[in-house]
Amino acid sequence: MIDLKALRENPQRFIEGCAKKNVAVDIDTLLKLDAQRRALQTQQETLRAAQNKLSKETGPKIGQLMGKLKGASDVDKPAIQSQITEIKSAPAKMKDEINALESQIAQIEPELNAILLSVPLPPDDDVPVGTTADDNVELSRWAPDDWDWDKSFEANKGFKPRTHLELCEMHNLVDYPRGVKIAGSRSYILIGDAMRLHQAILRFAFDTMINEHGFTPMSVPVLVREEAMVGTGFFPGGRDQAYHINETERGGGYDMFLTGTGEVGLMGIHQDEILDESKLPLKYVTVSTCFRREAGAAGKDTAGLYRIHQFDKVEQVIIDVADESKSRQHHKDMMGFVEGLLKSLKLPHRLLQCCTGDLGVKNADMIDIECWMPGRGDEDQSGTPTGEFGETHSASRLYDYQCRRLNMRYRPGGEGGKGTTTFCHSLNNTVAASPRILIPILEMYQNADGSITVPEALVPHMNGQTKIG
RNA sequence: GGAGCGGUGGCAGAGCGGUUGAAUGCGCUGGAUUCGAAAUCCAGUAUGGCCUUCGGGUCAUCGGGGGUUCGAAUCCCCCCUGCUCCGCCA
């Protein structure tokens, strides 16, 4: 959520932000509703103040008269009674006026809040303006010494690549038909060494974050309330993408949603809290199962392990003080952790600066990390795929957008400090999402005979196994 | 699933229809005392919104929502949540 005050002071910044992000939000209506509400609120509060003052005076009077009434003779009672009625009538009349104003405010608020929640965080000025993923800009790329970007897979390795689909079939690593039988389209079953490899990469990524980068490991809920989805910024915009469990109809007090990323659980931990500044930054890592409906992706990436409804992901999150330069540094650090991981796996990859149109509502900046996947992309004349980058990671810098929604704050100056409470900044980045990351691993580590070498870094997590097939 | 008891400020914990935004204690901040410290004493110490001539004013908030009342932390209803006991399951 953006700061309504900031919007009032500089609406142009947000209007431009919407344009850059290619998001249509009616800022004018929002400002109009906000002005209306404030005017009504001021009126109402003035009346309330008068009412409060009055009832402070009438309270004791009524008490006195009530006492009198008890001891009064039947002759005097009606007179006292009418006095009480009269005293009561003045605040009662004000109450009607206040209620009328309140119902006017209540009429405005739902629309105002709905618009406010959908106003995107303006992108940072150094994010290139663009409309689609085609406008994203490559920042850098890395490959091990034995990989030449200018050459095809075959020229690099001396044999034609098999796609991960072919490799999985060859070694009986994935069972799609049975996955679909159980759970419908985009479902799969990882078998044997594929499941071991899946667990190995997750464990390797998780351990690296904990042991080398000082992140605190967490297990968080993946089945959450709507509040957590709204708080983290996935709702209302991404409602279609989440699985919805209708508990209300079954007698529950609220519905539940399956999270599409561990970010929701991690960020939800400190919702509504005022954090101790001396304990910041908080660095959390989780491994969790992620659920995505992939609505609107019909027909896209239907084959293989690329776009699936359920997967597991190691996710990192950093929560720190509201300081742009610190946020920027964390962002770099978090990408550095991932690059370190990919380098130790010897996976060719690149950093891709997402353009404004590809950022999503909640990010000021987002950088994707894409791994080279030899089995993707167009085919050459001989029917061999020419390879393509595929997104495997996404690093987001959100400033206070998420923490404002989550009401997550800290007090500058520490406990007992004099500063006013301030919304924290938050960032998140994938560490490893599997099985998608298995695609580049299987394809890059395949040998001429179709066997797959286990990446050295993962061997310890595969009980010493060095080869598949 | 049934029964009972709870949810109050950073924490602990009173209040159970009328100057109670809330006693008291702890913690924290400032000051006094001291060569310094401990101890003691004094003062201050919730969050958010709106208005502001920037001195302040004002409204809301005692788990959440609704209701009763001139007036609700306090009474009623619904929901969330914690604990204890019983049942059920592992």
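To find a chain, count down the sequence lines: A is the first, B the second, and so on, and within it residues start at 1.
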Show the distances under 3.5 angstrom between N or O atoms of the protein and N or O atoms of nucleotides 56-61 of chain B.
unit_1	atom_1	unit_2	atom_2	d
B/C59	OP1	A/Asn52	ND2	3.2

I'd like a list of close polar pairs between nucleotides 79-82 of chain B and the protein, N/O only, cut-off under 3.5 Å.
unit_1	atom_1	unit_2	atom_2	d
B/C80	OP1	A/Gly253	N	3.2
B/C80	O3'	A/Arg225	NH2	2.8
B/C80	O2'	A/Arg225	NH2	3.3
B/U81	OP1	A/Arg225	NH2	3.2
B/U81	OP1	A/Tyr254	OH	2.7

Could you work out the separation of B/G6 and B/G15 based on their P atoms and round it to a whole Å?
-> 12 Å
Spacing between A/Asn113 atom CG and B/G49 atom P, to the nearest angstrom | 14 Å
Nearest-angstrom distance from the residue atom CD of A/Glu273 to P of B/C11 = 10 Å
As its Watson-Crick or G-U partner within any shown strand, both distances under 3.5 Å, B/U19 has none
Consider only side-chain N and O atoms of A/Ser394 and A/Asp368, and report whether a donor and an acceptor are under 3.5 Å apart.
-> yes
Spacing of A/Gln43 atom CD relative to B/C50 atom C1', expressed in whole Å = 13 Å
Per salt bridge (Lys or Arg N to Asp or Glu O under 4.0 Å), A/Arg328 is matched among A/Asp333, A/Asp320, A/Asp323, A/Asp124 by A/Asp124
Expressed in whole Å, how much space separates the C1' atoms belonging to B/C85 and B/C79?
-> 24 Å
Rounded off to whole Å, could you give me the CE-to-C1' distance for the A/Met408 and B/U47 pair?
-> 17 Å
Which part of the nucleic acid does A/Arg409 contact within heavy-atom distance under 4.0 Å: base, sugar-phosphate only, or nothing?
-> sugar-phosphate
Pick the C1' atom in B/G71 and in B/G67, then give their distance to the nearest Å.
-> 15 Å
Partner nucleotide, any strand, of B/A60 [Watson-Crick/G-U, under 3.5 Å] | B/U47
I'd like a list of close polar pairs between nucleotides 51-55 of chain B and the protein, N/O only, cut-off under 3.5 Å.
unit_1	atom_1	unit_2	atom_2	d
B/C51	OP1	A/Arg38	NE	3.2
B/C51	OP1	A/Arg38	NH2	3.0

Say whether, by atom type as modelled, one donor and one acceptor occur between the side chain of A/Lys283 and the main chain of A/Met209 under 3.5 angstrom.
-> no
Using a cut-off of 6.0 Å, state whether more than 12 heavy atoms not belonging to A/Asp126 lie near its atom CG.
-> yes
Hey, would you say the A/Phe337 and A/Phe215 ring centroids sit under 6.0 Å apart?
-> yes
Counting distance only, does the side-chain N/O of A/Lys332 pair as donor-acceptor with the main-chain N or O of A/Ser327 below 3.5 Å?
-> no
B/C5 pairs with which nucleotide, Watson-Crick or G-U wobble, both distances below 3.5 Å?
-> B/G82
Searching all strands shown, indicate the nucleotide that pairs with B/A12 (Watson-Crick or G-U wobble; both distances under 3.5 Å).
-> B/U24
N-O pairing of A/Arg239 and A/Glu226 below 4.0 Å | yes
For atom CD1 of A/Ile105 and atom P of B/C50, their distance in whole Å | 12 Å
What interatomic distance, in whole Å, is found between P of B/C86 and the corresponding atom of B/A14?
-> 27 Å
Whom does B/C75 pair with, Watson-Crick or G-U wobble, provided both distances fall under 3.5 Å?
-> B/G67
Taking O4'-C1'-N9-C4 for purines and O4'-C1'-N1-C2 for pyrimidines, is B/G21 syn (within 90° of 0) or anti?
-> anti
Do the ring centers of A/Phe257 and A/Phe291 come within less than 6.0 Å of each other?
-> no
Counting only heavy atoms not in A/Asn211, do more than 12 fall under 6.0 Å of its CG?
-> yes
In whole angstrom, what separates A/Leu112's CG from B/G49's C1'?
-> 13 Å
Answer yes or no: are there more than 12 heavy-atom neighbours, outside A/Glu169 itself, under 6.0 Å from its atom CD?
-> no
Between A/Asp358 and A/Cys354, is there a donor-acceptor pair closer than 3.5 Å when you use the side chain of the first and the backbone of the second?
-> no
Gap in Å between the two P atoms, one belonging to B/G27 and one to B/C11, rounded = 16 Å
Atom-pair distance (CE on A/Met1; C1' on B/G49), nearest Å = 13 Å
How long is the line joining CD of A/Glu277 and C1' of B/C28, in whole Å?
-> 15 Å
Nucleotide forming a Watson-Crick or wobble pair with B/G87, both distances under 3.5 Å = none
B/G25 versus B/A43 - spacing of their P atoms, nearest Å = 11 Å
So, is the end of the A/Lys362 side chain (NZ or CZ) under 6.0 Å from the ring centre of A/Phe234 and within 45° of the ring's axis?
-> yes
Now, which nucleotide makes the Watson-Crick or G-U wobble pair with B/C41, with each of the two distances under 3.5 Å?
-> B/G31
Expressed in whole Å, how much space separates the C1' atoms belonging to B/G10 and B/C5?
-> 26 Å
Ring-ring centroid check A/His270 A/Tyr284, cutoff 6.0 Å | yes
Say you pick atom C1' in B/U81 and the same atom in B/G64; how far apart are they, in whole Å?
-> 10 Å
Answer yes or no on whether A/Arg436 is positioned over the face of A/Phe311, meaning its NZ or CZ is under 6.0 Å from the six-membered ring centre and within 45° of the axis.
-> no
